[in-house]
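Here is the naming used below: chain letters follow the sequence lines, and residue numbers restart at 1 for every chain.
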Protein chains: 2
Amino acid sequence: MRSDDRALLKSTPLFSDLPATAIDRLTYTAFVQNLPAGAVLFQQGDQPEFLYILLSGRVALTGRSAEGDEAVIEFFRRGDVFIAPAVILDLPYLMSTRVLQDARILMIPAEHFRDVLARDPALNAALVRELARHWRLLIRQIKDLKLRTAPQRLAAYLLDLSGGHGGNVLLPEERKLMAGRLGMTPESFSRAFAQLAAEGVTGRGRNVVIADAAHLRGFCAYDDIL
Amino acid sequence: MRSDDRALLKSTPLFSDLPATAIDRLTYTAFVQNLPAGAVLFQQGDQPEFLYILLSGRVALTGRSAEGDEAVIEFFRRGDVFIAPAVILDLPYLMSTRVLQDARILMIPAEHFRDVLARDPALNAALVRELARHWRLLIRQIKDLKLRTAPQRLAAYLLDLSGGHGGNVLLPEERKLMAGRLGMTPESFSRAFAQLAAEGVTGRGRNVVIADAAHLRGFCAYDDIL
DNA sequence: GTATAGGCTTGACAAAAGTCAAACTGGCCG
DNA sequence: CGGCCAGTTTGACTTTTGTCAAGCCTATAC
């Protein structure tokens with residue numbers, strides 16, 4: 001682990017309130033793995049052997065249907081800790097992980113993590129907050145899927161990316177993957193995007209412009225559905 | 001709080017590993033509220049004032065769309081602790097809560113809960129596990145919504161209710177509410193149910209029989225999607 | 001520059017789910 | 001017992017979304 005990795009960990013919400021010694025205790029058995037785009041870190045159903053922290057690159061958590069369709073549950077970026085719940089409970093992963101862009105991943109042995117967790121109250125407290133934050137993201141995603149149409153989901157996602165107040169937005173992922181994250185096919189994504197032109201959303205490639213954020217908020221009930 | 005309430009708390013996964021003194025410390029400022037079916041505990045957007053523990057009755061967490069449709073996120077029953085994340089982070093509720101069946105609810109003032117949490121490592125540890133468990137339920141729900149059709153979702157839900165091995169199942173809620181939980185309209189629920197007759201699911205009222213669990217598991221990819 | 005591969009879009013169609021309205025059911029109350 | 005009310009089912013229809021196939025565009029390789 002490089003010194004800038006340590007700095008990255010320290011800047012992360014999970015570790016920012018922990019003393020440096022706690023971070024050391026957690027990471028001294030850890031190692032860094034470099035993975036190319038396309039690699040699969042683990043498959044759903046596997047028993048968890050590591051807690052992962054993404055040091056650089058991009059990664060997606062995905063579920064796969066019986067027919068082989070892939071749904072993206074969530075994207076992760078630099079600094080994110082992922083699949084902590086499976087590691088904490090020592091239960092099989094519910095999802096698979098795929099590397100989207102060459103990644104450096106800090107691997108903390110699951111057993112070691114649980115040992116430290118059992119002894120370190122500050123880590124527990126930090127983890128409670130981390131899980132609570134993440135819990136709310138999942139709730140928002142469920143409400144999104146149950147209460148909004150495909151174009152509304154896209155609109156809300158774009159508003160999230162823009163910080164809620166519109167302007168220029170840079171799409172963080174391929175449209176195909178964003179479609180999966182939003183629970184639709186790439187074709188539906190494309191059509192949803194075309195429909196949003198009528199609501200003042202324009203753009204080509206990864207650059208998107210939201211002309212009238214207030215109007216788009218109304219379109220997708222941004223403030224009602226939270 | 002009655003003495004059987006205390007016993008109930010002690011039997012709950014969140015509190016079972018905590019010493020009695022911890023439970024007392026947490027509940028001495030708490031009180032019990034009786035609410036009739038139909039009552040609304042709080043609305044989405046409200047600032048959290050209490051952590052709730054359901055002592056008896058039934059309750060649903062719901063989100064509401066701009067058009068007024070209600071989606072059920074989750075049902076809670078005796079012993080469940082709900083909306084801990086909002087209380088922990090002191091952020092507005094993302095959902096509303098409606099009482100489905102006359103309920104007795106233990107109300108723990110949010111501020112007090114956070115104070116105790118800040119001082120009690122065992123409570124933190126228990127909460128980490130509780131949140132991790134719940135986190136996995138939400139992931140399963142998201143995968144359900146993204147990867148399964150309406151009849152498959154119903155089939156998987158029925159299998160969950162039956163413990164995965166079929167037989168007689170008692171529906172825990174009105175069909176209308178189950179439809180909301182599964183992300184469909186009551187009409188679609190009714191048709192999905194009719195379709196499952198071809199897969200060996202029969203029943204009237206709240207009693208349902210799964211004739212061939214193995215076959216129904218295949219139908220909804222129960223073991224593939226987890 | 002041209003070739004090529006992948007992602008993206010479009011069109012025509014099919015399937016799934018929602019809407020609206022009407023009929024049916026079952027429980028509860030007078 | 002009868003009537004009422006809410007929940008549920010069914011039917012006809014619409015809308016939304018998915019599917020399949022073709023074409024396009026862009027980025028990179030050669």
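Listed here is the closest heavy atom pair of B/Q47 and B/P92: OE1-CG, 3.8 Å. The nearest pair of heavy atoms linking B/R148 to B/C220 is NH1-O, 2.5 Å.
Judged by distance alone, with hydrogens and angles left aside, B/R191 brings a side-chain donor or acceptor within reach of the base of C/dT19, the pair sitting under 3.5 Å.
Position along DNA chain D of the nearest nucleotide to B/A194 versus A/P151 favours B/A194 as the more 5'-ward residue. Sequence order on DNA chain D of the closest nucleotides to A/R153 and B/P186 puts B/P186 first from the 5' end.
Set against D/dT17, C/dT9, D/dT9, the side chain of A/S188 has D/dT17 as its closest nucleotide. Here the side chain of A/R204 is nearest to one of D/dT19, C/dG26, D/dT26, namely D/dT26. Closest approach to the A/T185 side chain among D/dT19, C/dC8, D/dT10 is made by D/dT19 (side chain taken as heavy atoms from C-beta onward). For A/R175, the listed nucleotide lying nearest its side chain is C/dT9; candidates were C/dA17, C/dT9, D/dT17. Of the candidate nucleotides C/dG18, D/dG18, D/dT17, D/dT17 has the atom nearest to the side chain of A/A150. Here the nucleotide nearest the side chain of B/E187, chosen from C/dG26, D/dG18, C/dT19, is C/dT19. Listed nucleotides: C/dC8, D/dG7, D/dT10. Nearest to the side chain of A/E174: C/dC8.
Residue B/R78 qualifies as open at atom CZ: its count of foreign heavy atoms under 6.0 Å is 12 or below. Around CD of B/E49, the count of heavy atoms belonging to other residues, nucleotides or ligands within 6.0 Å does not exceed 12.
Under 4.0 Å is where a charged nitrogen must lie from a carboxylate oxygen, and between A/R98 and A/E70 at least one such pair does.
Taking the six-membered ring for Trp and thresholds of 30 and 60 degrees, B/F50 and B/F31 have ring planes more than 60 degrees apart, a perpendicular arrangement.
Here the P atom of nucleotide D/dT15 and the CD atom of A/Q152 are 16 Å apart, to the nearest Å. Between A/Q195 atom CD and D/dT15 atom C1' the separation is 11 Å, expressed in whole Å. Distance, B/N207 CG to C/dG26 C1': 14 Å, rounded to whole Å. A/K176 has its NZ atom 12 Å from the C1' atom of C/dA5, to the nearest Å. Here C/dA16 presents its P atom at 13 Å from CE of B/M184, a figure rounded to the nearest Å. Across the protein-nucleic acid pair, B/L145 atom CG and C/dA17 atom C1' stand 14 Å apart, rounded to whole Å. Atom P of nucleotide D/dA6 and atom CG of B/L177 are separated by 15 Å, given to the nearest angstrom. Rounded to whole Å, the distance from CZ on B/F189 to P on C/dG18 is 13 Å.
Separation of the A/Y52 and A/F42 ring centroids falls under the 6.0 Å cut-off.
One end of the helix from C/dG1-D/dC30 to C/dG30-D/dC1 points its axis 30° away from the other end's axis, with each axis taken from 5 pairs and the angle rounded to 10°.
A cation-pi arrangement is found for A/R175 relative to A/F193, the charged atom lying closer than 6.0 Å to the ring centre and inside a 45° cone about the ring normal.
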